[in-house]
Protein chains: 2
Amino acid sequence: MTDDFKPNMNAYLPLRDVVFNTLREAILRGDLQPGERLMELQLASKLGVSRTPIREAIRMLEQEGLAVTMPRKGAEVAKMTLKAMEDVLEIRGALDEFASQLACERITEEQLVRLEARKQDFEASLKTGDVKLIAEADVNFHDVIYEATGNPKLVSLLNNLREQIYRYRVEYIKKAENHPILIKEHEAIYQSLLKRDEKEARLSIREHVENQATAVKEVIVRQE
Amino acid sequence: MTDDFKPNMNAYLPLRDVVFNTLREAILRGDLQPGERLMELQLASKLGVSRTPIREAIRMLEQEGLAVTMPRKGAEVAKMTLKAMEDVLEIRGALDEFASQLACERITEEQLVRLEARKQDFEASLKTGDVKLIAEADVNFHDVIYEATGNPKLVSLLNNLREQIYRYRVEYIKKAENHPILIKEHEAIYQSLLKRDEKEARLSIREHVENQATAVKEVIVRQE
DNA sequence: ATAATGAATATTGTATACATAATACAACAT
DNA sequence: ATGTTGTATTATGTATACAATATTCATTAT
């Protein structure tokens, strides 16, 4: 048999994964707000499945830091205290700098080209004013850098940290006055990678992260 | 009522957590070997519970990186490829250095005292030759540093990374010829924290981590 | 009014049942 | 022997049932 049609036999996804993705999206998008209860029966009927896959999805969200459950009381969408967010931001700062350093050593020419394209996509997205689009373009830009580390575990770790932060970052993106800053910062990051200048890359990423940190923390403070 | 007897109302632990802890321990201790299948029915009967808590515990192990499941085929204890381990070690190196730096800034006098005590406990444990005891003493030493960062999220992240590494590190600890090296390295780390010398702390931790990395990678290579 | 009490109800925890896919293996054909 | 097909068995995926705890809210006592 000239086996060249390899049907994508991975069409199958367990319901727990479907549910997990659905809930995760809902949390990140803000449809499920921090502190909101995740009631199994309610979610089950809403998603048209039984409680079993819901429960398993909740266990997964829990380890992802997106849900918190108290025995016998149930789960709720994780809400951040200021301290918890500062802790996350601290880690994220360190790892993002580290990732940029690695990227300087390892990024390919092809990836550099893509990085510039993503940078421009981001600038274009700002003009639309569509927050969801902007957030996505930003993710895409940074993903190229993450990918350039060649370390998939680091990528998923950084993605996880980003998840915990980004849902509190909408406000920052919304404000047009911040847009020029973001453009400049992305440009600086791009340039330092182009030059493969580790020191400069770390510095430009640090500034980028710190600016966001300030904004995110303000959101949390207002919320508390 | 002079409420000063606060009965530890937290005697209750869901079975999923009991199962999770049990399996986690078994994996780390090596009772469940990398690649070994985790069959629900078998585990359920062995632990005297139903499949439900087993499944939920597996979902938790999965997110912890200790188990891997393939849809419709079941879960097995995660086995490391050399590349995956290198990736983990790379992250762990970066974060451990970062933690040491933070610890230099934040460690309290009390914690410094405890660190020295743990350092001596560790040296004592080496003399017993009891691998489990040594590993524990080592964990205790480093935990003081982690704790000194004042960042619980970072602590749990580091503990998770450690988990993924330590089960491959037994051999290294076993060999008596490595013991003097470990003692020296711990001493160097302790001294740099005592002086709150961030640069030196980073360097001494880096060396410590790198030596372990070499040993761990050898174990993986032999296994493959 | 306020606090305490106790059904009624809602929600989680756990076990079990049933459906479906994966696996092992025997029987058969080549 | 090798390979193939079909069947029995095993294991997972999902739904449901039952048990136990939390919560709610009306009732009662103070």
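None of these values were measured; they are calculated from a predicted model. A note on names: the letters A, B, ... follow the listed sequences, proteins ahead of strands, and every chain is numbered from 1.
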A:Glu36 atom CD is separated from C:dT11 atom P, nearest whole Å, by 14 Å
Check this for me, if you would: do A:Glu123 and A:Lys119 make a salt bridge, where the nitrogen-to-carboxylate-oxygen distance has to be below 4.0 angstrom?
yes
Considering only heavy side-chain atoms of B:Arg37, the closest of C:dG13, D:dA11, D:dT14 is D:dA11
Under a 4.0 Å heavy-atom cutoff, the residues of residues 19-27 of chain A touching DNA chain D are none
Tell me whether the rings of B:His142 and B:His208 are parallel (<30°), tilted (30 to 60°) or perpendicular (>60°).
parallel
When rounded to whole Å, the CE to P distance for the pair B:Met39 and C:dT23 reads 12 Å
Which of C:dG13, D:dA22, C:dT23 is nearest the side chain of B:Lys73? It is C:dT23
Side chains of A:Asp96 and A:Tyr146: is there a donor and an acceptor less than 3.5 Å apart? yes
One should read off an interatomic distance between A:Phe20 CZ and A:Leu66 CG, to the nearest 0.5 angstrom, of 7.0 Å
Have a look at B:Arg16 and say if it touches a base, only the backbone sugar-phosphate, or nothing, with a 4.0 Å heavy-atom cut-off. sugar-phosphate
When rounded to whole Å, the CD1 to P distance for the pair B:Ile58 and D:dT14 reads 14 Å
- Task: Would you mind classifying the nucleic acid contact of A:Leu38 as base, sugar-phosphate or nothing, using non-hydrogen atoms under 4.0 angstrom?
- Result: sugar-phosphate
Those residues at least two apart in sequence (or on a different chain) that pass side chain to side chain donor-acceptor pair (under 3.5 Å) with A:Asp121 are A:Arg118
B:Glu56 atom CD is separated from C:dG13 atom P, nearest whole Å, by 8 Å
#### Entry: Sub-4.5 Å side-chain heavy-atom contact between A:Gln164 and A:Ile91
no
Can you see whether B:Arg24 engages B:Asn21 through a side-chain donor-acceptor pair at a distance of less than 3.5 angstrom?
no
B:Met70 CE to C:dT23 P, in whole Å, measures 8 Å
Checklist entry - Charged N to carboxylate O below 4.0 Å: is that the case for A:Arg162 and A:Asp143? => result yes
Value for CD1 (B:Ile173) from NZ (B:Lys132), rounded to nearest 0.5 Å, stands at 11.5 Å
B:Tyr12 OH to C:dT12 P, in whole Å, measures 12 Å
Taken to the nearest whole Å, CG/B:Asp17 to P/C:dG13 is 9 Å
When rounded to whole Å, the CZ to P distance for the pair B:Arg55 and D:dA11 reads 14 Å
Given protein heavy atoms under 4.0 Å, the one-letter contact record of nucleotides 15-20 of chain D, with B base, S sugar-phosphate only and - none, is simply BBB--B
